[in-house]
Amino acid sequence: MTKIISGNDLNFAKDSLDNGNIIIFPTETVYGLGANALDKEAVSKIFLAKGRPNNNPLIVHLKDKNEIDKYAIINNEIEKILIDKFMPGPFTLILEKKDIIPDNVTCNMNTVGIRIPDHVIAHNLLSIINYPIAAPSANISGKPSGTRVNDIYSEFNNKVDFIIDGGETIIGLESTVVKVIDGIPTILRPGFITREDIESVIGNCKVSEYVMKEAHGNAESPGMLYKHYAPITPCILVDSKKILEESLKYSKCILIGSSKNKNIPCLKYFNYGDSKPEIAHNIFRILREADKIKGDIILIEAVDTSGLGLAIMNRLIRTCSYNYIK
Ligand code: TXA
Ligand code: MG
């Protein structure tokens with residue numbers, strides 16, 4: 001049986017990690033499913049518990065910036081500036097890996113994703129162990145990322161020793177994944193740290209073309225190849241002004257959107273919030289709740305892709321298997 005423990009009982013989690021087992025811990029973005037990143041066997045348990053394809057690499061979580069040198073090589077000034085400005089925080093930097101990181105963490109890539117969570121429980125946990133934690137988001141592969149202990153418990157009961165309860169995660173979407181390619185910071189997965197944030201410190205930032213479209217074996221980040229964030233009920237992303245017209249086509253329509261659309265007749269309406277940070281915070285929880293209602297379609301209101309909107313739309317377009325009515 002999986003035990004839920006508080007942030008004051010981290011020694012249980014430490015013992016479990018020391019023994020090569022996996023645990024679930026909170027971060028500011030989403031919960032992580034963690035193992036000792038230097039223990040190959042422990043890392044392989046992550047892939048098994050999540051049903052994760054073995055060519056999708058894991059992020060390595062560190063206690064602070066001084067640790068980066070032990071596990072990765074910083075090759076240029078731009079990487080230094082990004083570390084300086086955005087770590088700790090909801091930001092993952094892809095760096096050249098050192099040999100100490102086992103090959104199954106990076107799925108044989110010569111780079112490693114490094115992240116320093118800005119969360120007191122994650123930080124305290126990383127401070128009482130003497131190795132980094134490899135962790136993907138805590139969800140069964142293909143499902144929305146885990147942002148609440150109840151949701152995570154129902155997916156991982158009996159698969160992990162401990163879940164550390166940190167309440168609902170604040171940001172609600174996973175970190176921004178950035179790689180410096182030909183001297184230019186390139187967003188492989190958008191997140192709370194936006195393109196505009198990076199441009200304001202570096203002056204230039206690219207967004208991978210696969211952020212808003214489907215990749216077929218050609219993406220810089222393997223995570224973009226997979227079906228993601230998807231309820232069982234089919235979902236369609238719809239521009240706000242087309243929602244009424246679309247909703248009339250279904251007898252059991254579930255609607256997820258802002259308060260603008262709250263009066264549209266449907267089986268069930270979920271208010272995802274009226275600002276982008278609220279939408280980011282709520283969306284994965286609502287997708288799980290919407291899937292418990294037996295509707296024949298879930299219509300989700302689209303947002304514009306400026307700022308945090310890009311991260312929201314990157315997740316929603318995958319939730320909707322690229323079905324987007326504009
Ligand atoms: O906020 C987060 O990033 C959360 C928390 C737990 O830290 N973690 C998370 O991990 O979202 P995961 O495994 O669900 O997503 C990691 C993403 C994947 O899209 C993966 O392909 C990409 O990062 N990635 C990891 N290592 C990479 C590498 N060396 N090169 C390119 N992409 C990489
Ligand atoms: Mg994930």
Side-chain angles (χ1 to χ4, degrees), residues 22-35 37 43 46-47 49-62 71-73 86-98 101-119 121-123 125-126 132-147 152 155 163-164 166 169-181 186-193 208 210-211 215 217-230 280-281 284 311 314-315 318-319:
I22 53 178
I23 57 112
I24 290 174
F25 64 102
T27 82
E28 76 276 39
T29 56
V30 299
Y31 278 78
L33 173 63
V43 167
I46 295 178
F47 286 88
K50 219 181 128 96
R52 183 166 177 111
N54 62 6
N55 59 352
N56 192 6
L58 307 178
I59 293 172
V60 171
H61 298 72
L62 307 179
Y71 307 107
I73 302 166
F86 299 117
M87 291 181 167
F91 186 81
T92 297
L93 188 60
I94 308 295
L95 293 170
E96 187 180 336
K97 106 187 224 319
K98 287 196 172 168
I101 302 287
D103 287 338
N104 63 342
V105 172
T106 60
C107 302
N108 297 314
M109 293 173 89
N110 59 4
T111 53
V112 60
I114 298 284
R115 174 155 127 74
I116 302 166
D118 185 12
H119 188 283
I121 294 177
H123 180 78
L125 179 62
L126 286 160
I133 297 179
S137 51
N139 53 278
I140 299 298
S141 232
K143 293 288 162 203
S145 299
T147 57
I152 294 167
E155 281 180 20
I163 300 174
I164 307 168
T169 58
I170 308 254
I171 293 177
L173 295 181
E174 311 85 341
S175 63
T176 308
V177 177
V178 172
K179 184 177 182 182
V180 176
I181 303 175
T186 307
I187 295 180
L188 307 187
R189 180 180 69 185
F192 193 79
I193 304 291
S208 162
Y210 301 109
V211 159
N218 43 0
E220 303 91 338
S221 178
M224 289 201 233
L225 298 171
Y226 299 103
K227 191 173 165 70
H228 263 330
Y229 319 114
H281 175 82
F284 287 149
N314 165 267
R315 307 313 190 273
R318 285 165 171 76
T319 295

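These numbers come from a predicted model, not from an experiment. Counting convention: from 1, in listed order, for ligands and their atoms alike.
Under 2.8 Å from the Mg ion (ligand 2), one finds the following protein N/O/S atoms: Ser137 OG.
The shortest side-chain heavy-atom distance between Leu93 and Phe86 does not fall under the 4.5 Å cut-off.
Judged purely by atom type and a 3.5 angstrom limit, Arg52 has no side-chain atom pairing as donor or acceptor with the backbone of Pro136. The backbone N or O of Gly89 sits less than 3.5 Å from a side-chain atom of Arg115, completing a donor-acceptor pair. Here the side chain of Lys97 pairs no donor or acceptor atom with the backbone of Asp103 at under 3.5 angstrom. Put simply, the side chain of Thr176 gets close to the backbone of Gly191: a donor and an acceptor are under 3.5 Å apart.
Donor-acceptor pairing under 3.5 Å is lacking for the side chains of Glu96 and Thr111. If you check the side chains of Ser175 and Arg189, you find a donor sitting under 3.5 Å from an acceptor.
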Could you give the N/O to N/O pairs under 3.5 Å linking ligand 1 and the protein, each with its distance?
{"unit_1": "ligand 1", "atom_1": "1 (O)", "unit_2": "Thr29", "atom_2": "OG1", "d": "2.7"}
{"unit_1": "ligand 1", "atom_1": "1 (O)", "unit_2": "Ser175", "atom_2": "N", "d": "2.7"}
{"unit_1": "ligand 1", "atom_1": "3 (O)", "unit_2": "Ser175", "atom_2": "N", "d": "3.4"}
{"unit_1": "ligand 1", "atom_1": "3 (O)", "unit_2": "Ser175", "atom_2": "OG", "d": "2.6"}
{"unit_1": "ligand 1", "atom_1": "3 (O)", "unit_2": "Arg189", "atom_2": "NH2", "d": "2.9"}
{"unit_1": "ligand 1", "atom_1": "7 (O)", "unit_2": "His61", "atom_2": "NE2", "d": "2.7"}
{"unit_1": "ligand 1", "atom_1": "7 (O)", "unit_2": "Arg115", "atom_2": "NE", "d": "2.9"}
{"unit_1": "ligand 1", "atom_1": "7 (O)", "unit_2": "Arg115", "atom_2": "NH2", "d": "3.4"}
{"unit_1": "ligand 1", "atom_1": "10 (O)", "unit_2": "Ser137", "atom_2": "N", "d": "3.4"}
{"unit_1": "ligand 1", "atom_1": "11 (O)", "unit_2": "Arg189", "atom_2": "NH1", "d": "3.1"}
{"unit_1": "ligand 1", "atom_1": "11 (O)", "unit_2": "Arg189", "atom_2": "NH2", "d": "3.2"}
{"unit_1": "ligand 1", "atom_1": "13 (O)", "unit_2": "Arg52", "atom_2": "NH1", "d": "3.1"}
{"unit_1": "ligand 1", "atom_1": "13 (O)", "unit_2": "Arg52", "atom_2": "NH2", "d": "2.8"}
{"unit_1": "ligand 1", "atom_1": "14 (O)", "unit_2": "Ser137", "atom_2": "N", "d": "3.2"}
{"unit_1": "ligand 1", "atom_1": "14 (O)", "unit_2": "Ser137", "atom_2": "OG", "d": "2.9"}
{"unit_1": "ligand 1", "atom_1": "15 (O)", "unit_2": "Arg189", "atom_2": "NH1", "d": "3.0"}
{"unit_1": "ligand 1", "atom_1": "21 (O)", "unit_2": "Asn56", "atom_2": "OD1", "d": "2.6"}
{"unit_1": "ligand 1", "atom_1": "21 (O)", "unit_2": "Ser221", "atom_2": "OG", "d": "3.2"}
{"unit_1": "ligand 1", "atom_1": "21 (O)", "unit_2": "Gly223", "atom_2": "N", "d": "2.8"}
{"unit_1": "ligand 1", "atom_1": "29 (N)", "unit_2": "Thr111", "atom_2": "O", "d": "3.3"}
{"unit_1": "ligand 1", "atom_1": "29 (N)", "unit_2": "Thr111", "atom_2": "OG1", "d": "3.0"}
{"unit_1": "ligand 1", "atom_1": "32 (N)", "unit_2": "Ser221", "atom_2": "OG", "d": "3.2"}

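Legend: residues meeting side chain to side chain contact (heavy atoms under 4.5 Å, CB included) with Pro90, ordered by chain and number and at least two apart, are Glu28, Thr29, Ile171, Phe192, Ile193. Partners of Phe25 under the ring-ring contact (aromatic ring centres under 6.0 Å, His included) rule, at least two apart in sequence or in another chain, are His61.
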